[in-house]
Amino acid sequence: MNQNKQMAELLFPNVTLTIKDLEERFPRRKEGTVVTRFAPSPTGFLHIGGVYTALMNAKLAHQAGGVFMLRIEDTDKKREVANSKGIICNVFNRLGVTIDEGVISETEQRGEYGSYIQSERIDIYHTVAKHLVETGYAYPCFCSEEELNEIRAKQEELHVAPGYYREYAKYRNVSYEEAKEKLAEKGSFVLRFRVPDEINERVGVTDLIKGYIEMENNINDFVLLKENGIPTYHFAHCCDDHFMGTTIVMRGDEWVASLPIHVQLFTSCGFTLPSYAHVAPVMKLDGESRRKLSKRKDPESNAEFYLEEGYPIKALYVYLYTLINSNFEEWYLANKDRDLDEFEMTFDAMSISGALYDITKLNNISSEIIYTTSVLDNVNNQLAWAKEFDLDLYNRLTSDLEFTKRLFATQGPDSSEHRKDLNCYKDFLHVFGSLYADIFELNNDAYAELIEENLPKEYRSEIVEAFITYFTEREAGSEKTLKDLSKELGYTDKKKYAKNPELYRGVITQFYKGLRLLLTHQEHGIAMDDIISVLGYEEVIRRLKLEL
Ligand code: GLU
């Protein structure tokens, strides 16, 4: 047995599988199949930037009839949060993203290339690791923390680059005998990659988004397996994406700097390098400067936020696709009735520098979508949202579904004022709350001041009485309009009022706002005619009388 083989046996005595066995267990996929994956860590939080990257991956695979996988990268057990898989899968489920393979719920997986959870793939990593030791591409390192510090100190003194490389790589040439002794003494080892003596100074990769990237090659004998036998990201990425047959590795661009390591790994393992597409992070304007959307500072960085707010799923897609592909918006505006799946996503229309996240834009898209959604669909969406996030509201909505429908009928292209008051379904009570008697009763802090501004105390009763008479006569068939009434009561338009204020009681907007305040206690809201018809004669009169 040669030294490398002996070493491999020493380090991995229990590994009996070979690379060939793994190639048989995970057969090659059909030539030309596009395979992408999203590979989050289970930290209990799915960043909207992650959803953005996942949608790109899913879309690229699906538009080519390929496979989209969800892999869980749980090698850092310290950061793991219970039920993360459930949270992540729930978001994708709700978005309607098909996970063709991989983790599909907290407890389930599908697909032939699993497990799709890294902590369940240790046998695979160790098989490849053993192979790398046998072929001379990996070796055990027994350095203690102090020894590593000593190396660093020496490098500082000599003003050379820090790291574990060449003559500073203490165990790079460790012999079988020495390794055996050290292992007996220490009981564990770190497995390092042995960077070949002869490597090019620079390495280049053509990134599907960023184009050709050239950089200095890696000289560090980086870690493959940590002391506990768990792989580093780099090693797991190489093993997983090879055996799972990933053809496009699309991931955050914080990994660009690791490309030289990944090229070395794939090459030394004898694996074909996948195509890479590095995605710049989603940014936010903070004053004048751009920064990453922050988990701590920005609630909108959490994917679950959008479910909790009740944004229509389509709005999220439209918005994220707009960020992903610069030509999407134009396509969407020209093809509003077509399925979003029909849009062809392309790499050359992806942002190199990082898309700018702007929730106002999402709100515009979303309010437009709610606006064009039918009353019935809106009611159903509202019910589904309330059932999940606000049971009191759900009970309120279902206890008088006809009323709920009447409320939604005040929105949309068929409504009297074409209003788009809802950005998301969480806005429901904000928009319609005051039309419910109990919420109306709660009043509004600003009300006293507002009513005084628009209907001063001195003549308020007179106006309210006039309103009561007006609505009662209308109920009896009178055709008089509010505008007629306003004139009778001495209101006029701004111009006329400005010229001769002594001739009038006030401006017509005060008259309408006064009525709105009397009926809803709110300054803004749905169309006046809708308020009146939704409330009905009796409730209108009841509300008006409260002011007498
Ligand atoms: N688990 C890695 C991360 O969270 C995934 C990177 C990749 O997609 O390869 O950044």
Side-chain angles (χ1 to χ4, degrees), residues 34-61 66-81 84-85 87-89 91-92 97 99-103 113 115-122 124-125 128 205 207-210 213 222-224 226 230-266 269 271-282 292-295 301-303 324 347 350 354:
V34 173
V35 183
T36 64
R37 87 294 190 277
F38 178 58
S41 299
T43 58
F45 178 87
L46 181 56
H47 197 284
I48 190 70
V51 175
Y52 169 84
T53 311
L55 287 190
M56 290 163 110
N57 273 300
K59 178 80 178 107
L60 281 170
V67 176
F68 170 64
M69 305 182 282
L70 180 69
R71 178 169 78 220
I72 296 292
E73 307 216 323
D74 61 342
T75 52
D76 186 354
K77 288 289 174 193
K78 283 199 292 291
R79 288 177 63 218
E80 185 158 346
V81 171
S84 294
K85 298 194 261 318
I87 292 173
I88 294 167
C89 291
V91 172
F92 290 129
V97 176
I99 298 167
D100 305 294
E101 283 182 23
V103 173
Y113 294 81
S115 167
Y116 295 86
I117 300 175
Q118 287 187 329
S119 61
E120 295 173 4
R121 299 173 63 81
I122 301 299
I124 298 170
Y125 307 128
V128 180
V205 171
D207 185 277
L208 294 173
I209 299 174
K210 296 186 189 281
I213 307 173
F222 56 90
V223 173
L224 299 171
K226 294 177 245 178
I230 302 289
T232 53
Y233 166 78
H234 312 296
F235 189 42
H237 151 53
C238 169
C239 298
D240 292 347
D241 286 315
H242 171 70
F243 290 113
M244 291 179 180
T246 308
T247 57
I248 302 173
V249 171
M250 183 179 272
R251 60 185 177 186
D253 68 0
E254 68 272 24
W255 296 110
V256 166
S258 308
L259 272 173
I261 288 181
H262 301 160
V263 173
Q264 289 177 357
L265 261 176
F266 275 86
C269 289
F271 300 158
T272 309
L273 194 70
S275 295
Y276 285 99
H278 286 96
V279 181
V282 175
K292 281 194 208 173
L293 263 184
S294 134
K295 173 173 170 178
S301 67
N302 187 349
I324 291 170
F347 285 108
M350 287 178 190

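Whatever order the structure lists ligands and atoms in, that order sets their numbers, starting from 1. Residues take their numbers from the sequence shown, with the count starting at 1. The shown structure was predicted, so the numbers you read here are calculated from the model rather than taken from an experiment.
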Parallel, tilted or perpendicular for H234 and H262, by the 30°/60° rule? tilted

Report yes if some N/O of Y233 lies less than 3.5 Å from some N/O of ligand 1; otherwise report no. yes

Interatomic spacing from CG in D253 to CD1 in I209 - rounded to 0.5 Å: 8.5 Å

Indicate, as side chain, backbone, both or neither, the part of H237 found under 4.0 angstrom from ligand 1 when only non-hydrogen atoms are considered. neither

NZ (K226) with more than 12 external heavy atoms under 6.0 Å: yes

The atoms of ligand 1 lying under 4.0 Å from a heavy atom of E73, numbered in the order shown, are 1 (N), 2 (C), 5 (C)

Can you tell me if F38 contacts ligand 1 (heavy atom of the residue under 4.0 Å from the ligand)? no

Does the side chain of V35 come within less than 4.5 Å of M244's, by heavy atoms? no

Tell me whether A39 has any N or O atom under 3.5 angstrom from an N or O of ligand 1. yes

Can you list the ligand 1 atoms lying under 4.0 Å from a non-hydrogen atom of R37? 7 (C), 8 (O), 9 (O)

Would you please classify the geometry between the Y233 ring and the H237 ring as parallel, tilted or perpendicular, with 30° and 60° separating the classes? parallel

Please write down residue, atom name and distance for the protein heavy atom closest to atom 10 (O) of ligand 1. W255 NE1, 3.4 Å

Using heavy atoms and a 4.0 Å limit, tell me yes or no: is S41 in contact with ligand 1? yes

Kindly state whether the ring of F235 and the ring of F222 have centres lying under 6.0 angstrom apart. no

